[in-house]
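The structure under discussion appears below in the form of structure tokens.
Everything quoted here is computed from the prediction, not taken from an experiment. Just follow the structure's listing: the first ligand is 1, and inside any ligand the first atom is 1. Throughout, residue positions are numbered sequentially from 1 according to the sequence presented.
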Amino acid sequence: MERYNLITKKNPREIVLLKGRPCAWGKCTFCDYISDNSTDDAEMANLNFQILSRVSGRAGALEVINSGSCFELPKSTLYRIRQVIKEKNIQQLFFESHWIYRNRLQEMREFMGIPIIFKIGVETFDNGFRENVLNKHASFRTPEEVAFYFDSPCIMVCIKGQTKEMIDNDIRILKKYFRMGTINVFTNNSTAIQQDAQLVKWFLKKYAYLNEDSSIEVLYQNTDFGVGD
Ligand code: SF4
């Protein structure tokens, strides 16, 4: 599995995919990537330190992802990230966190000592679909609540059961309330959640212009950031 890449297009940054402890929630119906979690501290440290040793600082920015939230990375890995930030003169960090950790974001900002763009897997601002179909366990009711804590939502589009109106609304919210965001076009995996091929066709045509929007990154495959498998 590829675990390091340099993103050169929008928001240039190095990106690393590290291993963390099991996702504290772990029950989203569309998620099958928690198999990359571990409970073996030595194994995680070994792998994570090796991947972090590839960070050069050449983009001045680093994104760290794991199959879960940054708060599930082992302590030793967090210390190593902080060390890499200092040694490689990194000015901007990107982390991802579930809604359940919203009150700990400031703690992480203080620990790392540099600005952090916090991403959150919102998936959709349609509260019913997010909670009843995707089982996301993110209890916010409004975009303003999310924007109070987080900088950059990730939304997921083209899932069976979604409507064009829901997707239009999510993209409108992304542009209105947030300075950046990620749109994942859902691809079938081992879960029962299915892609809607008609929605994909429609989305690709209607939202092709987002490829030129510097504030939105559209992932057509899970591996579009150059990490994962
Ligand atoms: S919060 Fe993220 S890692 Fe955890 S189950 Fe949901 S999608 Fe998977």
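In this structure, Lys136 is part of the shell of residues with a heavy atom less than 4.0 angstrom from ligand 1.
Closer than 2.8 Å to atom 4 (Fe) of ligand 1 sit the protein N, O or S atoms Cys23 SG.
Scored by the side-chain contact (heavy atoms from CB on, under 4.5 Å) test, Asp41 finds Met44 as partners (sequence neighbours excluded).
Counted by atom type alone, Asn211 and Tyr220 present one or more donor-acceptor pairs between their side chains at under 3.5 Å.
A salt bridge links Arg13 with Glu63: the distance from a Lys NZ or Arg NE/NH1/NH2 to an Asp or Glu carboxylate oxygen falls below 4.0 Å. Arg54 has a carboxylate O that lies under 4.0 Å from a charged side-chain N of Glu2, or vice versa, which qualifies the two as a salt bridge.
Atom numbering of ligand 1 starts at 1 in the shown order; those under 4.0 Å from a heavy atom of Phe30 are 7 (S).
Taking the six-membered ring where tryptophan is involved, the planes of His98 and His137 are tilted, since the angle between them lies from 30° to 60°.
Annotation: atom 7 (S) of ligand 1 to nearest protein heavy atom, Tyr33 OH, 3.2 Å.
Closest heavy-atom contact between Phe30 and Asn189: O-ND2, 2.8 Å.
A ring-centre distance under 6.0 Å is found for Tyr79 and Phe111.
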